[in-house]
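Below is one structure, written out as structure tokens, with a few remarks after it.
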Amino acid sequence: MLSTPVPEPELRPGWAGEPKWDGFRAAVSVDAGRVLLRSRRGTEMGPAFPEIVSGAVQLPEATAMDGELVVWDAAGRLAFERLQNRLARRGADTVRASEEWPAHFVAFDLLKLSGTVTTGWPYWRRRAALESVFAARRLFAPWPLCPSTTDPDTVREWLSWASVGMEGVVFKRLTDAYKPSVRGWHKYKVRETSEAIVAGITGSLTQPRTLLLGRYDAEGRLQYVGRTQPSHERQAQRSSACSRRDGAGIPGRAGRSPPGGAAGSNWTSRWWSPGWWWKSASMSPVMPPAGGAILHAGTVPAPTSPPPTFPS
């Protein structure tokens, strides 16, 4: 099943809430000893996550679960950039990555149990069966069980977990069956905003596709912090008009534009990695305070984890 965004995190009577994880949506199944780990779009991900495949020995035969693949860092925060990096690994490198940054499958729904298809069951019954599987099999890593609650106070507590990478809350009606591809769930995403300087673009000045964002550090140096999602045509036209208002060039500490490719610079292409750009960044240019050095800014979620370092 899929979810529809809602503006308020209201847990209504007859609904349950679950934390929304910052990871990859996936389904895992075990049939006749064969383990399949697939993305929501059907991509086979087992080769990239051997620890999940080998861990499936803990699961009952002819069983399938829906959930989220996640990676935690040493500080206990969700590390989406590490998870994304895992998909690019192959061969022996995949094994090393699984040992250094092990993935976990956070299970939140039960699609089949010991050969019985459970998608027609109401949520409350699927949830009870899922909990019984975890209890009876005494499942351990890589199989965390996603919390579920009907208590509004617990939901409010989950909404304070953004600092460790939680994205928000998903709401599910207790009596609903599981309907693939149907948007029967609701999701509320926590958004923390911060102003950032638009220091570069992809695309053209007349039709910018994404905005490359930066912020000044304590020493007055402009540091890259992320980029926006690809813009729609109307947003691109509005951003183009804003960027041309005062001409080109965002001054750095010495009044120069950020370097475009100098060795050792945080603005070189090695920092423009898909491993940590903010997926939910919106493209909403705003005008800076009068007299400020900022030409225009974009509203983006505050970072939930620091950028990774890459070898030169």
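When all heavy atoms of Val6 and Tyr188 are compared, the closest pair comes out as O-CD1, 3.5 Å. Residues Ala103 and Phe49 share a closest heavy-atom pair of CB-CD2, 3.6 Å. Minimum interatomic distance between Glu61 and Gly33 (heavy atoms only, all atoms of both residues): OE1-N, 3.5 Å.
Salt-bridge annotation for Arg127 and Glu131: present, with a side-chain N of the basic residue lying under 4.0 Å from a carboxylate O of the acidic one. A salt bridge does not link Asp93 to Arg90: none of the charged nitrogens lies less than 4.0 Å from a carboxylate oxygen. We find that Arg12 and Glu10 are not joined by a salt bridge, their nearest charged nitrogen and carboxylate oxygen being 4.0 Å or further apart.
Each of Arg82, Arg89, Glu81 was scored for a side chain to side chain donor-acceptor pair (under 3.5 Å) with Asn85, with one residue passing: Arg89.
Rounding to the nearest 0.5 Å places CG of Leu130 at 9.0 Å from OG1 of Thr118. Once rounded to the nearest 0.5 Å, the distance linking CZ of Arg126 with CG of Asp66 reads 9.0 Å. In this structure, the separation between CG on Leu78 and CD on Glu68 is 9.0 Å, given to the nearest 0.5 Å.
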>> Test ring-ring contact (aromatic ring centres under 6.0 Å, His included) on Trp15 and Phe171; report intermediate values, then the result.
In response: CA-CA 6 Å; Trp15 291 67; Phe171 300 102; 7.4 Å; no
> How far apart are the C-alpha atoms of Phe108 and Val170, what are their side-chain angles, what is the distance that settles it, and do they pass the side-chain contact (heavy atoms from CB on, under 4.5 Å) test?
Replying inline: CA-CA 11 Å; Phe108 54 65; Val170 177; over 6 Å; no
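A donor-acceptor pair is defined here as one N or O able to donate and one able to accept, closer than 3.5 Å; such a pair exists between the side chain of Asp217 and the backbone of Gly220.
Using modelled atom types and a 3.5 Å distance limit, the side chains of Asp109 and Tyr123 yield no donor-acceptor pair.
Residue Trp124 places its CH2 atom among 12 or fewer non-hydrogen atoms of other residues, nucleotides or ligands, all under 6.0 Å distant.
Put simply, Trp121 and Met65 are part of two different groups of oily side chains (I, L, V, M, F, W, Y) that touch within less than 4.5 Å, one to the next.
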